[in-house]
Amino acid sequence: MTGQDWLEKDFYALLGVSKDADAAAIKKAYRKLARQLHPDHNPGDPKAEERFKDIGEAYAVLSDPEQRQQYDQLRAMAGGGARFTAGGRGNAGGFEDVLGGMFGQGGGRVRYSTGGGGGFEDILGGLFGGGGGGYGGGFGGGRAPQRGIDLTASTTLSFRTATEGSTITLQVENRQVTARIPAGVRDGQKIRLRGKGRPGEAGAPAGDLVIEVHVTAHPVFSADGANLRITVPVAFDEAALGAQVDVPTLDGSTVRVKIPAGTPSGRTLRVKGKGIVTPKETGDLLVTVQVVVPQKLTPAAREAVQAFGIATSGEDVRAGLLAAARQ
């Protein structure tokens, strides 16, 4: 931040507070605007990013009692505006005359330069104890306090824990951070914890902590959004004739599912409300039927299968396949 920023920018207006606002009101206003203008909420919006930087500069000054006093004094000397007069006729009492009087210049004109020694910033730095160091020394130490940087961490959860949600504790830069992992979190999903990153400088806001969640595979279930998927083996006669089969659910119980007669292998049946339960929704259980072909047959079973083949020999299960392949 340059010295000219202190003259041109109305930090109170940027934060939307009055000039006599107390520290609590200033902090509340800044936090509200910071949430609205944060780059994470306005991706690709340069105007929001610029305003976010402006309110950060304003808060850095107004939240520091010493800097705020210096800012108020400077703005009062400059008439509270962004520009100052060059002195001369018709401008008695202008900003240059005030500074000129302080340095024994009388009512004459004082020159300001933007480079080299003895410039405008050096004069103001000397006024407020900066000793020729420009605004950096005289107005609270240079750049505005910086927001803390974002940190990353990772955690691995079992499939059941991920579907039910959990509270975990992570070690982040020699401190413990407790995080609530919501029910239904997906493998590879990232969770952002506001203000849990590295602390900011001189009271500036802390950064965020981004946790990447890894979920181990389950031997039976898989997640499809809020739905649970499971593959259930059924015997040939159950698929052909229809049956009622018991299917396990995630809570350890079972649910009875009707397999309609003539169900082919690979068909998926839906059981409402038996999926993952989250604060926003309850998923379903998606049951994929897998018809099991026996690897070994007893003599009686073999005869039965042969008899079935003879009984259905008039049906061509591959009818139309060749014609469809030629399209």
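Only a predicted model underlies this, so the values are computations on that prediction, with no experimental measurement involved.
Considering every non-hydrogen atom in both Y59 and G203, the closest pair reads CE2-O, 4.2 Å. Closest approach of P199 to A206, counting heavy atoms only: CA-CB, 3.8 Å. Here the shortest heavy-atom pairing between A34 and F52 reads O-CE1, 3.8 Å. When every heavy atom of A183 is checked against every heavy atom of V277, the shortest pair comes out as CB-O, 3.5 Å. Across T163 and R160, no two heavy atoms sit closer than the pair OG1-O, 2.8 Å. For P145 against E201, the heavy-atom pair with the smallest separation is CB-O, 3.0 Å.
Using a 3.5 Å distance cut-off with no hydrogens or angles, the side chains of D64 and Y71 do not pair a donor with an acceptor. Side-chain contact check for T288 and T231: no donor-acceptor pair (N or O, by modelled atom type) lies under 3.5 Å.
One hydrophobic cluster, built from ILVMFWY side chains closer than 4.5 Å, cannot hold both V271 and L286; they sit in different ones. V292 and V287 end up in different hydrophobic clusters when Ile, Leu, Val, Met, Phe, Trp and Tyr side chains are linked at under 4.5 Å. Note: the hydrophobic cluster containing L250 also contains V232 (ILVMFWY, side chain heavy atoms under 4.5 Å, direct or indirect links). Under the 4.5 Å side-chain heavy-atom criterion for ILVMFWY residues, a single connected hydrophobic cluster contains both V177 and I168. In the hydrophobic clustering of this structure, L209 groups with I149; members are Ile, Leu, Val, Met, Phe, Trp, Tyr whose side-chain heavy atoms approach within less than 4.5 Å, directly or through other members.
L285 CG to I276 CD1: the interatomic distance, rounded to the nearest 0.5 Å, is 10.5 Å. Remark: K258 NZ to R256 CZ distance equals 13.0 Å, nearest 0.5 Å. In this structure, L37 CG and K47 NZ are separated by 13.0 Å, a value rounded to the nearest 0.5 Å. Note: T178 OG1 to R180 CZ = 12.0 Å, rounded to the nearest 0.5 Å. Once rounded to the nearest 0.5 Å, the distance linking CG of L15 with NZ of K27 reads 13.5 Å. Atoms CD1 and CG, from I55 and L62 in turn, are 12.0 Å apart once rounded to the nearest 0.5 Å.
Counting heavy atoms from C-beta outward, Q73 and R68 have side chains that stay 4.5 Å or more apart. In this structure, D72 and Y12 have side chains that are in contact, with non-hydrogen atoms separated by less than 4.5 Å. Residues V255 and P248 form no side-chain contact, since every pair of their non-hydrogen atoms from C-beta on lies 4.5 Å or further apart. Considering only heavy atoms from C-beta on, V291 stays 4.5 Å or farther from V293 through its side chain. Side chains of V185 and L157 form a contact here, defined as non-hydrogen atoms less than 4.5 Å apart. Counting heavy atoms from C-beta outward, V213 and I191 have side chains that approach closer than 4.5 Å. Side-chain contact check for N227 versus R270: some heavy-atom pair is nearer than 4.5 Å. The shortest side-chain heavy-atom distance between F221 and R229 does not fall under the 4.5 Å cut-off.
Between F236 and F308, the distance from one ring center to the other falls under 6.0 angstrom.
By the 6.0 Å contact criterion, CZ on R186 is open, its count of non-hydrogen atoms from other residues, nucleotides or ligands being 12 or less. Shown here is R302, whose CZ atom has no more than 12 heavy atoms of other residues, nucleotides or ligands within 6.0 Å.
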### Task
Could you walk me through whether I230 and L228 pass side chain to side chain contact (heavy atoms under 4.5 Å, CB included), step by step?
CA-CA 7 Å; I230 184 172; L228 279 176; over 6 Å; no
### Query
Going through the distances and angles, do T249 and V247 end up as a side chain to side chain contact (heavy atoms under 4.5 Å, CB included)?
CA-CA 7 Å; T249 58; V247 177; 6.0 Å; no
### Task
Evaluate the side chain to side chain contact (heavy atoms under 4.5 Å, CB included) criterion for residues V215 and Q189: first the C-alpha distance (whole Å), next the side-chain angles of each, then the deciding distance (0.1 Å), finally the verdict.
CA-CA 9 Å; V215 181; Q189 184 174 341; over 6 Å; no
### I259 vs V289, side chain to side chain contact (heavy atoms under 4.5 Å, CB included): CA-CA, chis, key distance, verdict
CA-CA 8 Å; I259 308 296; V289 174; 4.0 Å; yes
### Message
As a quick check of understanding, evaluate salt bridge (Lys or Arg N to Asp or Glu O under 4.0 Å) for R194 and D150, giving each step before the final call.
### Response
CA-CA 9 Å; R194 304 289 181 186; D150 293 346; over 6 Å; no
### Query
For D54 and K9, what are the C-alpha separation, side-chain angles and deciding distance, and is it a salt bridge (Lys or Arg N to Asp or Glu O under 4.0 Å)?
CA-CA 9 Å; D54 286 343; K9 293 183 179 180; 3.2 Å; yes
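R267 pairs by the salt bridge (charged side-chain N to carboxylate O under 4.0 Å, His left out) definition with nothing, not counting sequence neighbours.
Applying the under-4.5 Å side-chain rule to Ile, Leu, Val, Met, Phe, Trp and Tyr, the cluster around L322 consists of that residue alone.
No donor-acceptor pair under 3.5 Å is formed between the side chain of D246 and the backbone N or O of T254.
Considering V172, L151, T155 as possible partners of I211, the one that fulfils the side-chain contact (heavy atoms from CB on, under 4.5 Å) test is T155.
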